[in-house]
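Please read the structure below before turning to the comments.
Lettering of chains follows the sequences in order, A, B, ..., and the numbering in each one begins at 1.
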Amino acid sequence: MDMKQHCVKLSVQPSRGLVDEKFTVLVQNLLPGFQLTIHALHQCEDGHSWEAFAHYTANATSIVNVSQDPSLGGTYSGVEPMGLLWSLRPVPGSKTGLRLRKMNVQTPMGVTISVYQGHQKEGFLDQVLLASVVVERWYMAPGVRRVPITEGRLTATLFLPSGPGPFPGLLDLWGWGGKLVEYRAALLASHGIASMALDYLTPKETGRMVDNDYFETAYRVLEQHPQILGSRIAMLGLSFGAGVTLRMAVYSKGLKLSCAVCINGSHVQPIDGPLEQIMTYFNKNVEKTRFDEDNQLICRDLMLPIPTDPSLKVDVGRLQCPLLLVVGEDDQNWPTYESAMDMREMMERAGNSHLLTVLSYKNAGHLIQPPFTPFTRASTFKSVTIPPFTMMALWGGELVAHSRTQEDAWRKTLVFLRENLYGDMKPGALFSNL
Amino acid sequence: MSMKPLCVKLSVQPSRGLVDEKFTILVQNLLPGFQLTIHALHQCEDGHSWEAFAHYTADATGTVNVSEDPSLDGTYSGVEQMGLLWSLRPVPGSKYGLRMRKMNVQTPMVVTISVYQGHRTEGFLDQVLLASVMVERWYMAPGVQRVPITDGKLTATLFLPSGPGPFPGLLDLWGGGGKLVEYRAALLASHGIASMALDYLTPQITKETGKMVDNDYFETAYRVLEQHPQILGSRIAMLGLSFGSTVTLRMAVYSQVVKLSCAVCISGSHVQPIGGGLEQILASFSKHAYKTRLDENNQVIWRDLMLPIPTDPSLKVDMGRLQCPLLLVVGEDDQNWPTHESAMDVKEMMDQAGNSHLLTVLSYKNAGHLIEPPFMPFARASTFKTITNPPTKVMVLWGGELVAHSRAQEDAWRKTLVFLRENLYGGMKHGASFSNL
């Protein structure tokens with residue numbers, strides 16, 4: 001045997017990156033033809049363990065490069081540079097219905113990447129480890145500041161990009177699960193947009209749902225912030241947040257948006273009366289919910305058919321700012337596709353369809369998240385109603401298509417925001433991170 | 001004018017890297033021929049501000065790439081990928097004699113990189129900023145664990161690499177300024193070597209008893225490494241800078257307990273009275289204190305204290321008896337220790353004894369005494385507080401020239417890692433773990 005010892009070398013670059021950055025996983029000093037498994041392990045905040053793995057065979061140069069070489073099997077196959085992240089799934093024996101969401105964005109997501117001999121499928125903890133590194137995935141770029149907001153009775157967090165500013169602003173809304181979910185706003189701030197994550201559903205002291213003035217207050221906080229360009233504010237909503245976004249974009253006198261992004265949402269909602277009415281409207285149609293063969297709840301029919309009655313949908317023909325709709329065609333939770341088609345029709349009739357861009361993705365489901373977020377076809381969902389109920393919601397989508405969608409949609413969303421938030425600004429304005 | 005805005009885009013990749021990693025600075029969306037200044041600003045732990053800057057002119061594509069384009073002037077010139085770090089210097093108006101050292105290695109060193117219009121040399125805070133990003137430089141790679149050690153009355157910190165191990169081990173010693181300095185050990189652990197930073201001049205036990213530690217202190221530290229479940233007991237190295245080299249050579253040659261795979265001595269010497277303890281060594285230096293010189297700026301030159309290299313064998317470590325590979329790192333302009341002369345004498349002793357195949361000497365023209373990990377700002381002189389009782393503060397001349405010294409740090413570190421890797425892993429069993437070197 002050669003005197004120089006044989007030491008498998010594993011490297012992941014960068015070892016500390018943003019959550020939407022790609023990394024390169026390289027395994028060197030192997031023997032040609034050597035069979036190995038690359039494994040990813042992540043323990044999330046609530047203590048559950050998630051894993052992904054893939055089988056590789058070293059080529060003649062004794063190297064495996066995950067960005068260039070195909071996985072022969074595992075939780076993903078083929079050439080997938082980021083497969084070890086987006087194919088993460090709960091380890092065997094875990095509770096069903098889990099979903100991976102980081103609530104504390106000030107610390108990174110830690111992932112352990114390991115190399116095992118042979119093509120392994122399970123029992124990783126008992127295998128002999130050839131090499132292992134820890135990788136950190138951050139939601140906040142260096143210099144991004146997290147600012148809790150409590151003025152005007154808001155429950156919100158503002159993320160300011162690093163640098164002197166001023167920056168364009170954005171209101172970030174999630175869906176029906178409520179809570180103050182910060183990770184997308186943190187990521188957007190890492191790309192140069194001062195973003196406010198807003199909790200608008202979790203029951204307050206009044207026990208009543210907020211109304212339009214809550215969002216107008218949030219908008220004003222952004223508009224008046226010394227480091228934010230008051231005339232450059234966007235709104236981004238997913239699911240129910242998209243419905244709120246459209247409502248505010250069209251009807252609010254207090255909000256003047258540069259643009260809006262709606263991910264897997266709908267314009268269908270009673271437009272007279274307070275926000276609470278929307279909940280009532282959905283509850284009225286609750287008998288339209290279905291269950292699939294695994295007893296998972298399909299909610300998409302609640303809003304179908306798309307009403308013709310104009311008082312039951314936002315009049316998008318009156319929209320005056322650019323709108324990006326992101327549609328998962330396999331969305332089992334909301335009738336996103338049908339809504340997008342109806343919105344297009346309304347805008348064509350009204351003559352403002354030049355404002356509309358639709359990104360529609362085959363086999364993508366409801367939860368279109370920032371790239372490399374592990375895919376969940378169904379998960380436990382706890383509503384914000386009183387009393388709350390827990391169910392297994394079917395989101396839809398297929399692993400690979402949905403993961404590609406997340407990457408593509410995020411990239412295009414950033415371009416859309418950049419073009420509309422920075423368009424025709426004076427020369428020499430700051431633009432560090434987009 | 002085009003409808004698309006002119007927005008200067010600045011990116012630094014990676015934005016979070018290890019302290020010894022290179023980064024790429026790119027400025028885009030400029031007008032061809034545009035003159036700009038790239039500026040780096042760092043506020044260190046003691047509150048002082050350090051800055052570096054360089055003047056560039058955008059090329060025909062409206063881009064400046066610091067890795068490829070020349071700086072026309074500033075704190076560095078020419079094509080210098082990492083110049084914005086190693087040429088950092090105290091901002092105008094700062095106290096004299098500052099030296100940058102990070103004591104808390106669990107948080108990153110933060111540097112703000114900014115782009116200003118025109119070729120500026122001062123008053124940066126009043127200029128209009130075109131773009132700015134923050135960059136983090138970490139001493140600990142993800143997964144590296146920091147473990148304070150108090151067994152056996154040691155004052156030490158052990159850094160364990162990420163992964164299951166087992167790992168080779170290393171004892172890391174600094175010089176005459178004392179204190180528990182962790183950053184090099186943290187960095188070595190980030191490269192896969194379980195490293196223990198050891199305070200041996202100002203440890204708790206010395207503060208309590210007033211007495212200096214003896215050889216058994218180092219042997220205890222060695223044993224802690226040797227017996228650690230995640231450390232390969234037969235694969236332990238020692239690395240010392242300055243006075244730390246003195247201790248390293250003494251232990252490597254004379255200790256019955258310490259069995260080193262290899263040793264690295266940076267800016268050190270084998271000159272010391274054999275037998276007796278650390279006090280005797282320091283006393284022997286003090287005896288020659290009259291040889292201290294002052295340069296034209298009244299900065300203290302101590303290199304003559306150990307010169308001429310003695311011929312008396314009781315006054316230097318018997319290098320002919322060394323049994324493990326030794327790497328000597330020499331700054332030829334070292335004004336603090338006679339490193340070059342010592343290295344030559346060591347080579348001669350080992351040639352005579354027939355063990356010079358163990359010796360590697362890296363000698364750097366115009367490098368000074370403080371040969372640190374790469375990209376650390378250069379200090380030709382700085383305030384030094386002695387560990388004597390009572391302590392005195394002097395302005396010590398370390399030597400070296402900015403560019404040559406910075407190149408020496410990069411080259412020496414790379415070669416040190418290779419040397420350690422070869423000697424700590426050489427001849428290991430097939431399939432052993434080796435993630436980070």
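The closest side-chain heavy-atom distance from B:M134 to A:V144 is not below 4.5 Å. Looking only at side-chain heavy atoms (C-beta outward), B:S132 and A:S162 stay at 4.5 Å or farther from each other. With a 4.5 Å cut-off on side-chain heavy atoms, B:P142 and A:R16 count as touching.
Among residues two or more places apart in sequence or in another chain, the side chain to side chain donor-acceptor pair (under 3.5 Å) test is passed with A:R137 by none.
Residues A:P14 and B:P14 share a closest heavy-atom pair of CB-CB, 4.5 Å. The nearest pair of heavy atoms linking B:P164 to A:L129 is CG-CD2, 3.2 Å.
Within 6.0 Å of the CD atom in B:E122, the count of heavy atoms belonging to other residues, nucleotides or ligands does not exceed 12. Atom CD of B:Q323 has 12 or fewer neighbouring heavy atoms from other residues, nucleotides or ligands inside a 6.0 Å radius. Surrounding CD of A:E122 are at most 12 heavy atoms belonging to other residues, nucleotides or ligands under 6.0 Å away.
There is no contact between B:Q117 and chain A, counting heavy-atom distances below 4.5 Å. Only the side chain of A:E21 comes within contact range of chain B, with heavy atoms under 4.5 Å apart. For A:Q28, no part sits under 4.5 Å from any heavy atom of chain B, backbone or side chain.
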